[in-house]
Structures are given as structure tokens and as C-alpha cells.
Amino acid sequence: MKKSIQFFAMIFISFSFLGCDPLDKKYSKENYTEVLKQNADSVSQSAFQRAIVENEINDVRNEDFTYQELINQGKLLQKRDLPNNNVSR
């Protein structure tokens, strides 16, 4: 019985650490450079900046999003802005 409790405790602790991704935290204007520098590659950082600018232009509060959500928004915006190379001229 004691071993099964220890086993489940270890599993719980392991999942707790896996869920602590800094990019899943809410955006903070004061800390974003530090968080991105330590946890995001240059592509994600570029996408993040794209989303931040777009949201500011459209009066959308960045603080309502996590870093990862902002990165995902930026990647979608970047993909949308790419010229379509399949269009014949």
C-alpha cells in the first residue's frame, strides 16, 4: 500500500512539473523579454512581436493572452501575410 501511494505521488509530481511551461503564463509587459529570451526560439519571438503589434493596433489587450497564445496568433498572421507562390501570373 505504501509503495502504491509513493508511486502515485511521484506521477503527480512529474505531471506537475510538466505543466509549468513559462509560455503558458499570462503575458506581462514587464517580464516578456526575459520569458521569451529563455523559452522561445527566434521564429517564435518574431511571431510574438507580430501579434503584440497587431493587437496594439486593434486595441486588443495582450494581457488577456498567454505567451503561447500570442506566439500562435503571430504565426497565423505571418502565414496570412505571406504571398501565395501558387498564383500564376
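When hydrophobic clusters are built by joining Ile, Leu, Val, Met, Phe, Trp and Tyr residues whose side-chain heavy atoms come closer than 4.5 Å, directly or via intermediates, Phe65 is grouped together with Leu23. When hydrophobic clusters are built by joining Ile, Leu, Val, Met, Phe, Trp and Tyr residues whose side-chain heavy atoms come closer than 4.5 Å, directly or via intermediates, Val60 is not grouped with Val53.
Pairs of residues two or more places apart, or lying in two chains, never qualify as salt bridge (Lys or Arg N to Asp or Glu O under 4.0 Å) while including a residue from residues 26-37.
Paired with Tyr67 under the rule side chain to side chain contact (heavy atoms under 4.5 Å, CB included), one option of Asp24, Val35, Asn39 passes, and it is Val35.
Under 3.5 Å, the side chains of Gln68 and Asp21 contain no donor-acceptor pair of N or O atoms.
With rounding to the nearest 0.5 Å, the separation of NZ in Lys75 from CG in Leu70 is 12.5 Å. Expressed to the nearest 0.5 Å, how far CG of Leu36 lies from CG of Asp41 amounts to 10.0 Å. One finds the OG atom of Ser44 at 8.5 Å from the CG atom of Asn72 (value rounded to the nearest 0.5 Å). Taking CD1 from Ile71 and CZ from Arg50, the interatomic distance works out to 15.0 Å, rounded to the nearest 0.5 Å.
For Tyr32, the ring-ring contact (aromatic ring centres under 6.0 Å, His included) criterion is met by Tyr27, Phe48, not counting sequence neighbours. Legend: residues meeting side chain to side chain donor-acceptor pair (under 3.5 Å) with Gln78, ordered by chain and number and at least two apart, are Ser46.
The backbone N or O of Gly74 sits nowhere less than 3.5 Å from a side-chain atom of Glu54 that would complete a donor-acceptor pair.
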Under the side-chain contact (heavy atoms from CB on, under 4.5 Å) criterion, do Leu76 and Gln73 qualify, and how do the steps go? CA-CA 5 Å; Leu76 287 174; Gln73 284 178 20; 5.9 Å; no
